[in-house]
Protein chains: 2
Amino acid sequence: MLTQSEENYLKAIFALSEQQTEIVSTNLLSEKMMTKPSSVTDMLRKLADKSLVSYLKYQGCELTDKGKDYALQIIRKHRLWEVFLVEKLNFGWEEVHEIAEQLEHIKSSKLTDKLDAFLHYPKVDPHGDPIPDKNGNFSNDQKTKQLSFSNINDEVVITGVEDGSIEFFQFLKHCEIGLGTKVKIIAKYNFDQSVLILLNEKEIVLSELVSQKIYVQ
Amino acid sequence: MLTQSEENYLKAIFALSEQQTEIVSTNLLSEKMMTKPSSVTDMLRKLADKSLVSYLKYQGCELTDKGKDYALQIIRKHRLWEVFLVEKLNFGWEEVHEIAEQLEHIKSSKLTDKLDAFLHYPKVDPHGDPIPDKNGNFSNDQKTKQLSFSNINDEVVITGVEDGSIEFFQFLKHCEIGLGTKVKIIAKYNFDQSVLILLNEKEIVLSELVSQKIYVQ
DNA sequence: ACTATTTTTTAGACAAGTCTAAAAAATAGT
DNA sequence: ACTATTTTTTAGACTTGTCTAAAAAATAGT
């Protein structure tokens with residue numbers, strides 16, 4: 001049984017090795033965890049002792065299969081709780097991350113599975129991120145294409161958004177942008193890479209950064 | 001913001017000063033917390049520093065108003081989560097306590113209030129224990145009269161059960177004894193203080209101990 | 001290839017929450 | 001009231017997860 005801190009490290013290593021590099025460096029991990037590199041070194045030795053990561057001095061770390069399974073279970077719990085908070089308790093997108101960070105550490109696989117069933121086995125969380133099943137399997141086809149790559153006159157459906165700041169989520173809420181929202185690309189401006197879209201009969205300009213944080217299909 | 005351990009001490013002090021004595025001794029608390037008395041002394045000094053308990057060396061402790069409020073919020077969360085687990089996720093009575101022990105430490109009063117609303121503001125948890133409202137108020141009329149005090153031919157409704165072992169809850173489940181169950185007292189045996197009851201057309205003998213752990217009205 | 005810089009580790013420290021062993025205070029028995 | 005027992009506290013230690021400062025290894029610049 002792992003501590004919350006150990007679980008948070010596993011989750012961070014998993015996320016970094018997906019987004020960035022296969023092998024995660026001590027410094028990168030220390031930034032993500034908002035701790036000092038020396039603290040990371042200590043933790044990596046502990047996780048290596050438990051066969052959750054493979055770690056070689058000065059070379060960085062990588063999750064073992066066991067570590068990856070464990071990380072996926074935490075991610076599963078996090079995303080299921082996010083669905084619960086948004087769909088059942090009517091929380092806003094921007095509020096759920098922090099609470100799910102706490103709920104993901106509750107230890108009871110029976111609880112997780114019953115929650116999964118209660119929510120009718122959702123495939124994605126409120127941000128469009130895929131939810132691993134009981135065995136850690138998931139299909140990741142929601143967040144493949146950024147809105148910024150769409151062409152003029154394309155009519156697309158929003159399938160995901162990048163996990164970002166509270167302000168970013170509040171902006172999306174203000175624009176009425178959510179999963180499943182249909183938008184049409186009206187224009188793309190080369191001078192600042194912004195995109196003009198049509199959404200619910202309103203025209204909205206999305207900055208380059210925003211258009212890269214929204215995924216469509 | 002308190003740690004889980006501090007919260008658990010507050011909860012234990014609250015429970016003991018309700019069930020046993022106004023002022024809780026170090027030894028009694030150490031038994032309840034399953035720690036050594038020396039650990040309790042340390043913690044009491046810490047809680048006294050935070051004005052959550054009043055504590056005098058060698059004399060025991062008592063919750064301050066602030067400590068009582070805090071304890072009631074934890075109890076509120078615990079019991080709301082128990083209702084959620086039983087009513088929404090179909091957990092059995094006997095399984096929910098351990099999970100609720102974890103969930104009660106999730107920090108978000110907004111979550112607690114939204115959960116309360118989602119469950120339609122329940123007044124009691126699955127064991128018949130009252131759920132404090134947002135302000136810590138609750139009415140305690142569910143668990144006043146033990147089944148053992150009922151008289152022959154009384155027809156009563158079960159309003160609560162004492163929080164007990166997993167085996168005790170499994171026994172209740174097997175007998176189909178739940179909150180709201182109607183029973184009729186058929187006989188009381190003086191030789192062992194057991195009670196014979198009629199429940200769903202079946203006759204069941206309840207031992208003295210069991211009849212004292214069931215509350216009726 | 002050698003030095004300068006960056007990255008990572010080691011060594012020693014600290015707070016929280018626990019323990020054991022010993023001392024001090026309170027309580028009980030006669 | 002005095003001693004024996006019980007209760008409670010103190011003192012010192014250990015673990016977890018963190019830190020700072022210094023040392024060691026790896027990387028980059030010319």
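Chain identifiers are assigned alphabetically (A, B, ...) following the order of the sequence lines, protein sequences preceding nucleic acid strands; residue numbering begins at 1 within each chain.
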* Phe91(B) six-ring face occupied by Lys114(A) cation (under 6.0 Å, within 45°) -> yes
* Test: Lys88(A) cationic atom under 6.0 Å from Phe118(A) six-membered ring centre, within 45° of axis -> yes
Salt bridge or not for [X] and [Y], using N-O below 4.0 Å?
X         : Y         : answer
Lys213(A) : Glu208(A) : no
Arg76(A)  : Asp116(A) : yes
Lys107(A) : Glu7(A)   : yes

* Asked: For Ser5(B), which contact category applies under a 4.0 Å heavy-atom criterion: base, sugar-phosphate, or nothing?
  ->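 Counting heavy atoms under 4.0 Å across all strands, the contact made by Ser5(B) is with sugar-phosphate only.
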* Contact class for Thr35(B) (heavy atom, under 4.0 Å): base, sugar-phosphate, or nothing? -> sugar-phosphate
* Looking only at side-chain N and O atoms, does Lys57(B) come under 4.0 Å of OP1 or OP2 in dT10(D)? ->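 Yes, within the criterion.
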* Presence of Thr41(B) side-chain N/O under 4.0 Å of dT9(D) phosphate oxygens OP1/OP2 ->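 Answer is yes, contact under 4.0 Å.
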d([atom1], [X]; [atom2], [N]) in whole Å:
X        : N       : atom1 : atom2 : result
Leu56(B) : dT9(D)  : CG    : P     : 10 Å
Lys50(B) : dA15(C) : NZ    : P     : 14 Å
Asp42(B) : dC14(D) : CG    : P     : 17 Å
Lys36(B) : dT9(D)  : NZ    : P     : 16 Å
Tyr58(A) : dA25(D) : OH    : P     : 6 Å
Met43(B) : dC19(C) : CE    : P     : 11 Å
Glu6(A)  : dT15(D) : CD    : P     : 15 Å

* **With Glu104(B), the side chain to side chain donor-acceptor pair (under 3.5 Å) member among Lys77(B), His78(B), Gln73(B)** => His78(B)
* Please, what dot-bracket string fits DNA chain C when only Watson-Crick and G-U pairs with both distances under 3.5 Å count, crossing ones use [ ] and pairs to another strand use |? -> ||||||||||||||||||||||||||||||
* Asked: Would you say Thr41(A)'s side chain and Pro37(A)'s backbone share a donor-acceptor pair under 3.5 angstrom?
  -> yes
* Asked: Contacts to DNA chain D from residues 14-33 of chain B, heavy-atom cutoff under 4.0 Å, which residues?
  -> Ser25(B), Thr26(B), Asn27(B)
